[in-house]
Protein chains: 2
Amino acid sequence: MVDNTKVSKRPRGRPQIRPDDETRQMILQAARQEFHASGYAGASMNRVAERAGVSTKTMYRLIPTKAELFQSVISARISRFILEMDEEHLDGLPVDEALEHILIAYGTLTFDPDTVSSLRLVLAECDRFPEIAAAFDELALRRTTQTMEGWLRQQRDRGMIEIDDTATAVGMLRGMMVMEPQRAMMLGLKPPPDHAEIVKRARNCARLFLDGCRPKQR
Amino acid sequence: MVDNTKVSKRPRGRPQIRPDDETRQMILQAARQEFHASGYAGASMNRVAERAGVSTKTMYRLIPTKAELFQSVISARISRFILEMDEEHLDGLPVDEALEHILIAYGTLTFDPDTVSSLRLVLAECDRFPEIAAAFDELALRRTTQTMEGWLRQQRDRGMIEIDDTATAVGMLRGMMVMEPQRAMMLGLKPPPDHAEIVKRARNCARLFLDGCRPKQR
DNA sequence: TTTTTAGGAAAACTGATATTTTCCTAAATA
DNA sequence: TATTTAGGAAAATATCAGTTTTCCTAAAAA
């Protein structure tokens with residue numbers, strides 16, 4: 001085995017301006033911008049290279065094709081769709097406030113312009129790139145669903161609410177909270193809701209949902 | 001004024017195989033298939049002409065450009081998104097059954113593969129064709145919203161339910177009913193729900209919603 | 001100084017596709 | 001029959017974008 005760090009000499013010719021990995025990151029970032037701005041078909045590889053500040057020659061040395069570049073970009077973005085919530089904190093709250101917090105977190109994530117823009121790309125291209133639909137399902141949908149479903153189950157087990165199918169319930173809750181504003185954003189009809197609107201909507205949804213499945217003592 | 005039906009002679013040369021309007025319809029239908037199958041960018045005008053059974057020459061004589069063809073196709077499709085419900089019939093039903101019926105109608109319309117396919121096209125291309133987003137909003141969203149909102153208002157005025165903002169409530173109701181299954185369809189993850197599933201979901205939603213905003217007698 | 005490598009700029013190559021045009025034939029009237 | 005028009009088939013044109021290649025220069029080691 002050879003210890004490259006010291007023993008072997010640097011190669012003869014002109015050294016690389018920067019490590020390939022770094023250049024690749026620059027290309028990925030430029031590609032992200034370009035794809036989000038122009039969609040898959042509309043994105044120009046020349047513009048990607050331009051944005052990244054490298055020549056097309058270097059770009060194609062480091063990335064295989066436009067299609068794979070697209071997949072890398074989307075997967076990287078999707079893998080960051082994580083619903084952050086402090087579960088310890090929720091335990092100390094009354095049920096309705098806890099659900100409100102959850103919905104605020106989910107709404108904030110969902111209405112993020114980057115999220116919407118990525119969703120649009122995924123929906124537009126999932127025919128051509130079925131792996132992207134699968135990745136989206138796995139990384140964006142399942143994970144956030146599980147987080148919310150876990151909480152619902154907990155409340156049910158504590159007798160705070162009455163639900164038979166928690167998975168369906170999560171889907172409904174999410175639809176109620178985000179579908180309409182998100183669709184308006186995607187169509188370019190409305191700007192993202194601001195924080196106050198998100199809070200208001202979350203409160204409404206939480207109340208509606210909890211009243212709808214609060215245990216009845218008939 | 002000249003009476004063309006009898007007086008003026010037919011023109012000299014070879015007569016048209018069929019009226020231009022008819023040919024245009026054939027082209028529109030072929031284009032609809034092609035666009036739905038391949039999206040805007042992926043659609044080939046040659047294939048459209050082929051499907052329609054006309055030459056590209058004839059096609060371009062009758063339609064201006066690909067872009068305008070696309071808009072015609074989408075607008076025509078959208079204008080058929082009408083939420084059909086028999087309002088007379090609803091009046092005779094208890095509130096929860098009436099709402100169930102409404103949601104079944106809305107779900108059936110929404111989960112129709114043609115609807116989903118059109119929505120995908122609209123979402124994918126609304127950047128390039130803002131008029132399409134506007135048409136979709138006006139024809140598909142507003143109209144069905146108004147139908148549902150009218151009913152909600154009526155129930156509120158009769159004291160059957162307690163809602164302050166009926167527009168928001170309709171949005172939530174719809175999201176609850178359709179977002180998750182529709183998204184799964186768009187991603188190609190699930191087939192459309194069958195009628196039984198739609199009914200079940202509608203019943204769940206109606207119950208949840210009505211329990212959530214039934215007047216309280218505290 | 002010579003050799004060697006990295007990589008930019010731009011041209012070339014390739015393939016696809018919207019759109020136009022040419023050429024030809026069929027079917028009608030005069 | 002001579003003339004005129006409709007329209008199909010296919011070639012021509014134009015453009016665009018992905019990908020490759022050429023040419024050239026900078027910067028390092030030998």
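Lettering of chains follows the sequences in order, A, B, ..., and the numbering in each one begins at 1.
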Qualifying residue, where the test is side-chain hydrogen bond (donor to acceptor under 3.5 Å, both in side chains) with A:Arg61 and the options are A:Thr56, A:Asp20, A:Thr23: A:Asp20

On the nucleotide C:dA18, are OP1 or OP2 found under 4.0 Å from the side-chain N or O atoms that B:Lys66 carries? yes

In whole Å, I'd like the distance from the CZ atom of B:Arg18 to the P atom of C:dA27. 14 Å

Atom OG1 in B:Thr65, atom CD in B:Gln71: separation rounded to 0.5 Å? 8.0 Å

Hey, which sits more toward the 5' end of DNA chain D by its nearest nucleotide, B:Arg12 or B:Gly53? B:Arg12

What's the CD1-P distance between A:Ile63 and C:dG7, to the nearest Å? 15 Å

For C:dT20, does either OP1 or OP2 sit under 4.0 Å from a side-chain N or O belonging to B:Tyr60? no

Measure CZ/B:Arg47 against C1'/C:dT17 and give the value in whole Å, please. 10 Å

Would you indicate what B:Ala43 reaches in the nucleic acid, counting non-hydrogen atoms under 4.0 angstrom: base, sugar-phosphate, or nothing? sugar-phosphate

With B:Lys66 as the cation and B:Tyr60 as the aromatic partner, state whether NZ or CZ is under 6.0 Å from the six-membered ring centre and within 45° of the axis. no

For a quick test of reading the model: is some side-chain N or O of B:Thr58 closer than 4.0 Å to OP1 or OP2 of D:dG8? yes

Expressed as a whole number of angstroms, how long is the span from B:Glu22:CD to D:dA6:P? 17 Å

Measuring from the side chain of B:Asn46 (C-beta onward, heavy atoms only), which nucleotide among D:dG18, C:dT19, C:dA27 has the closest atom? C:dT19

Residue B:Arg14, side-chain heavy atoms: nucleotide from D:dA9, D:dA27, D:dA6 that is nearest: D:dA6

Hey, can you tell me if B:Phe129 and B:Phe70 have their rings parallel, tilted or perpendicular (30° and 60° cut-offs)? tilted

Give a yes/no on whether any side-chain N or O of B:Gln16 is located under 4.0 angstrom from OP1 or OP2 of D:dG7. yes

From CE of B:Met59 across to C1' of D:dA10 the rounded distance in Å is 14 Å

Atom CE of B:Met26 and atom P of D:dG7: how far apart are they, to the nearest Å? 11 Å

Measuring from the side chain of A:Lys57 (C-beta onward, heavy atoms only), which nucleotide among D:dT20, C:dA18, D:dT22 has the closest atom? D:dT22

So if I take every side-chain heavy atom of A:Thr56 and compare against D:dA28, D:dA10, C:dA10, which nucleotide ends up nearest? C:dA10

When rounded to whole Å, the CG to C1' distance for the pair B:Leu62 and D:dA6 reads 11 Å

Return no unless some side-chain N or O of B:Arg61 is found under 4.0 Å from OP1 or OP2 of D:dG7. yes

Whole-Å gap separating P (C:dA18) and CD (B:Glu50): 12 Å

Ignoring hydrogens, what is the shortest heavy-atom contact between A:Arg51 and A:Ala37? Give both atom names and the distance. NH2-CB, 4.3 Å

